Amino acid sequence: MNVIRIAIAGFGGVGRATANLLLARRARYRQVYGADLRLVAVCGSRSGLADSAGLEAGRLDALEPGLTGPAFIDASGANILIEAGPSDFRTGGPGLAYIRSALSAGRDAIVISKGALVHSGPELRALARSSGAMLKLSGAAAAALPTIDLLEHSLKGCEVLEIEGILNATTNYLLDAMMNQNLGFEDALARAQASGFAEADPRNDTEGWDTASKLILIANFGLDADLTMDDLVVEGIQSIAAHDLETWRKQRLVPKLVGSLIRTDDATRAAVGVRTYPATDPLAHVSGKNKAIRITTDAMGETIAIGSGTEPLATAAAALKDLEHILTARAVRPTGVSGGKE
Ligand SMILES: NC(=O)c1ccc[n+]([C@@H]2O[C@H](COP(=O)([O-])OP(=O)(O)OC[C@H]3O[C@@H](n4cnc5c(N)ncnc54)[C@H](OP(=O)(O)O)[C@@H]3O)[C@@H](O)[C@H]2O)c1
């Protein structure tokens, strides 16, 4: 049986959920792909665990101090890296070193954090191309909502003219509460924070940076664009005033924080900001914690996907969808990095 070794760098809520789902699906991988998937290493910022025979779920609570870093992951003999560390688009975050190291060595990388991909996307794409490694990022590019997959598979061959995405669940939830429960931004935010649905520091979401990051990933990895944060006008929902809400209610318009992208022959223009939709528009009905994307192409018209799922399971499942795409691709191209027979 083909042995495929997986390592996970970044072992918080999402990293752990991914490990548990991977282990729970081992029988499926054996049956569908004829592959013995082994979790050979996991690490957080200060501790980790490795075992070339494969870690079992019961051992994942006893991480050992000092076992961390790209060199630790390299030494584990993993064929595939799953990266789930903190995201920082201004520096690339700790994930950048792990991803660079994996791709340079020809190891496939499944990236869940956005930071490194936004900060150094072109470099990482080039690294993957030159080493023959696969770089997948569904978990980072809106997770349970299919985005890049739609572009790469469902709409293949079509010219993408426009994309609109409700890509951040927190702001969608806040806007719903502001409109329907008659709350101001601060009150809606306080309630969302009390119920654990908004971060203590929510600015990455509320000021539009998370939406902008996802839009950049969709553009750069789904459409081969080369956008940076400096190319985008980014506006969030923090300045929405009571009179804005009142006007939209009167006009029966529904506000959404939208990442949008328009492609012309010579340019790709992208922005993040509030757009309002009449009730007849499907995007007006994307409520609460849902996300959505509308892609307009030359030959297939408008395609809309709406999705959510419970976190962190949904993000783990998005990363493992990437894993299955890699297994499928490697099976038809067996000369690539696959595990080894045992
Ligand atoms: N939560 C979601 O639903 C969701 C959805 C989509 C994408 N994401 C992205 O997924 C990533 C992980 O999210 P999360 O909720 O799991 O975050 P989290 O609970 O804060 O976990 C982050 C993990 O990264 C580890 N880490 C920090 N620096 C590291 C380093 N230098 N080397 C190795 N590990 C390091 C932390 O280690 P310590 O525990 O030692 O500090 C922790 O285990 C984030 O980038 C997030 O944006 C999350």
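Atoms considered below: every heavy atom in the structure, side chains included; atoms not considered: hydrogens, waters and symmetry mates. Bear in mind the structure is a predicted one, so any value in this text is a computation, not a measurement. Note that ligands are numbered from 1 as they come in the structure, with each ligand's atoms numbered from 1 the same way.
Distance from atom 13 (O) of ligand 1 to its nearest protein heavy atom, with residue and atom name: Val14 CG2, 3.7 Å. Scanning the protein heavy atoms around atom 18 (P) of ligand 1, the nearest turns out to be Gly12 CA, 4.0 Å. Protein heavy atom nearest atom 38 (P) of ligand 1, with residue, atom name and distance: Ser45 OG, 3.5 Å. In terms of protein heavy-atom proximity, atom 10 (O) of ligand 1 is nearest to Ile112 CG2, 3.5 Å. Here the heavy atom of the protein found nearest to atom 6 (C) of ligand 1 is Thr315 OG1, 3.4 Å. The single protein non-hydrogen atom nearest to atom 34 (N) of ligand 1 is Gly44 C, 3.1 Å, given as residue, atom name and distance. Protein heavy atom in closest approach to atom 44 (C) of ligand 1: Gly85 O, 3.2 Å.
There is a protein heavy atom less than 4.0 angstrom from atom 41 (O) of ligand 1. Distance check on atom 32 (N) of ligand 1: some protein heavy atom falls below the 4.0 Å cut-off. Using a 4.0 Å threshold on non-hydrogen atoms, atom 46 (C) of ligand 1 does not count as touching the protein.
Salt bridge Arg59/Glu56: absent, no basic N to carboxylate O contact under 4.0 Å. Looking at Lys321 and Asp149, a side-chain N of the basic residue comes within less than 4.0 Å of a carboxylate O on the acidic one, giving a salt bridge.
The closest approach between Pro86 and ligand 1 falls below 4.0 Å for a heavy atom of the residue. The closest approach between any non-hydrogen atom of Lys114 and ligand 1 is below 4.0 Å.
Atom CZ of Arg46 has 12 or fewer neighbouring heavy atoms from other residues, nucleotides or ligands inside a 6.0 Å radius. The neighbour count for Glu235 CD, taken as heavy atoms of other residues, nucleotides or ligands under 6.0 Å away, does not exceed 12.
By the 4.5 Å heavy-atom criterion applied to side chains, Leu124 and Leu96 are counted as neighbours. Here the side chains of Leu323 and Ile80 are in contact, with some heavy-atom distance below 4.5 Å. Side-chain contact between Leu320 and Ile82 is present, with heavy atoms from C-beta onward closer than 4.5 Å.
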* Does the pair Arg90 and Asp88 meet the rule for a salt bridge (Lys or Arg N to Asp or Glu O under 4.0 Å), with working shown? -> CA-CA 5 Å; Arg90 292 179 178 89; Asp88 185 340; 5.2 Å; no
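Note: Ile163 CD1 to Ser260 OG = 10.0 Å, rounded to the nearest 0.5 Å.
Numbered from 1 in the order shown, with element, the atoms of ligand 1 that lie under 4.0 Å from a heavy atom of Gly139 read 6 (C), 7 (C). For ligand 1, the atoms lying closer than 4.0 Å to a non-hydrogen atom of Ser87 are 45 (O), 47 (O). Less than 4.0 angstrom separates some heavy atom of Tyr98 from each of these atoms of ligand 1: 30 (C), 32 (N), 33 (C). Short contacts between ligand 1 and Gly13, defined as distances under 4.0 Å to a heavy atom of the residue, involve ligand atoms 16 (O), 19 (O).
For ligand 1, one of its N or O atoms has an N or O atom of Phe11 under 3.5 Å away. Of the N or O atoms in Pro312, none lie within a sub-3.5 Å distance of an N or O in ligand 1. For ligand 1, none of its N or O atoms has an N or O atom of Ala9 under 3.5 Å away. In terms of N/O distances under 3.5 Å, ligand 1 is not approached by Ser113.
Put simply, Leu103 and Met134 are part of two different groups of oily side chains (I, L, V, M, F, W, Y) that touch within less than 4.5 Å, one to the next.
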